[in-house]
Amino acid sequence: MLKIYNTLTRQKDEFKPLQEGKVKLYVCGMTVYDFCHVGHARVMVVFDVVARYLRACGYDVTYIRNITDIDDKIIARANENGESISSLTERFIKEMHHDADALGALRPDQEPKATESMAEIIAMIETLIKKGFAYSADNGDVYYDVSKFDSYGKLSGRNIDELRAGERVAVNTAKDDPLDFVLWKAAKPEEPAWQSPWGRGRPGWHIECSAMSATCLGEHFDIHGGGQDLQFPHHENEIAQSEGAHGCQSVNYWMHNGFVRIDDEKMSKSLGNFFTVREVLAKYDPEVVRYFILTSQYRSPLNYSEEQLDQAKNALTRFYNTLRSVELIDDVVWRDDTEFGTRFAAAMDDDFNTALALSVMTDVRQALNKAQEQNNDQQIGYFAGLLNSCGQVLGLFQQSAETFLTGDAENDEDAEKIEALIVARKQAREDKDWAKADQVRDELTAMGIIVEDTAGKTSWRRV
RNA sequence: GGCUGCGUGGCAGAGUGGUUAUGCAGCGGACUGCAACUCCGUUAACGCCGGUUCGAUUCCGACCGCAGCCUCCA
């Protein structure tokens, strides 16, 4: 039985889909004006695992992740670059896909864009005005009247009075109340704009998610996810908009992933302490990055450091090393009633505890190694299949062990030389010329190659 | 200031009212020509102070420290 920590109830709730066998999942995606950083990578990987696991459990999952392709930062960046908004956003949508694909994050079923959802957005704002939740101001903006929505604050655990007390927002005189938030922004002459009943303008940030989630998934759906920093005000406002407009509960389970940190500080664009996914992938295999992200529970903070990445790399290498020498059997399924299968499922059922799930996989790996020492073919096949199947649920082991350990055929020139040295060493060993054999090995070591003599066979891998 | 959450061995990171995950590193051993890989064994921890309890790292309270949100942010 799957339990999900629900921000709304602040506890792990048993997961029950609205529709038997189906799950509707919406995740807040990227604002596309720059490269993705490791924080974005975490969201992509975490919810990719959520989607994969739900599918592995037999659910028919509809996974939506939006793209914010119009907002103040995008406009500012396009101006700085002297390029059009669409050229900027199209470029970074491509880059985002490039990163997500590299990390093994399966594409969502749909990736709706704000600029392609204007009709729905405008219609929703009209409904909110009609129902008395919103008003248009003298300056052409449209605002949501927070005081009209009784349960405002229920997600982030605050109330309107508290928010007033902590108020440090510059006063905007067009608003009736400083806590009101904008649904529609009147455009300045130079700015991109869409025609609306309130004049030319563009949507506020929050409304697009309410409109697009309802369009893609309906007014009431199962899971809504995103980074912890979206809890307030973004998701709080989404609830106010969606539930105000539709008059029903919008989301059953709210999931928020923790931040990636650097030196115990949140990684963010505004602090400037971020690494782009691209930078990290230049040094580490994408699956290592994925493994690193999965070593902690998704709600915990994740401290970014190369030492951690190195540890993840070591751990993944051990898995691949074991997998390298076995034939995979595909008809083993992760969820069986053996000890390992049960433990793996229990870990994942407990709010997607990937850290614990990985430790179960370590136990399977060890059992597989032992089976190999004992030449127990039946067990070897079973454990190998089980390990691989668990890995697939987490999006690991997506490449052959050979590729992971020795790199791609790209290094062909090297490969020939390496093979030659391996052969030379083999000959030296047969001649019992240990000095020569060791000298060849030193040469390989200098090239970043580690040799392993197992079961009469010599294999190699890159450091 | 208000509101959330966190504080576990050298590092990372799960978990539990009593039998001390897991990975990396360390130590001892097996295997190996020597290594590497692998296996076996092993060291070491629960911020501080009270309370509940036969017993608390785990429950409750105070304290200290840290992070996040309250402003664009995954």
TODO: Ignoring hydrogens and angles, answer whether the base of rA36(B) and the side-chain atoms of Arg441(A) contain a donor-acceptor pair closer than 3.5 Å.
DONE: no

ask   = What is the nucleic acid contact for Ser270(A), judged by heavy atoms within less than 4.0 Å: base, sugar-phosphate only, or nothing?
value = base

May I ask you to say what Met44(A) touches in the nucleic acid, namely base, sugar-phosphate or nothing, with a heavy-atom cut-off under 4.0 Å?
-> nothing

Phe35(A) six-ring face occupied by Arg278(A) cation (under 6.0 Å, within 45°):
no

message = At 4.0 Å (heavy atoms only), tell me whether Lys432(A) reaches a base, stays on the sugar-phosphate, or touches nothing.
response = nothing

Describe the nucleic acid contact of Val260(A) in one word from base, sugar-phosphate, nothing, applying a heavy-atom distance below 4.0 Å. base

| message | Using a heavy-atom cut-off of 4.0 Å across all strands, would you classify Ser296(A) as base, sugar-phosphate, or nothing? | response | sugar-phosphate

Assign Lys266(A) to base, sugar-phosphate, or nothing according to its heavy-atom contacts below 4.0 angstrom with the strands shown.
base

Check whether any side-chain N or O of Gln366(A) sits under 4.0 Å from OP1 or OP2 of rC39(B), and answer yes or no. yes

| said: Side-chain N or O of Ser300(A) versus OP1/OP2 of rA14(B): is the shortest distance under 4.0 Å? | reply: yes

What's Arg261(A) touching, base or sugar-phosphate or nothing? Going by heavy atoms closer than 4.0 Å. sugar-phosphate

(request) Please work out if Asn369(A) contacts a base, only the sugar-phosphate, or nothing of the nucleic acid, heavy-atom cut-off 4.0 Å. (result) sugar-phosphate

Determine the contact category for Arg10(A): base if any of its heavy atoms lies under 4.0 Å from a base atom, sugar-phosphate if only primed atoms, P, OP1 or OP2 are that close, otherwise nothing.
-> sugar-phosphate

Contact check, residues 26-36 of chain A vs RNA chain B, heavy-atom distance under 4.0 Å, returns Gly29(A), Thr31(A)

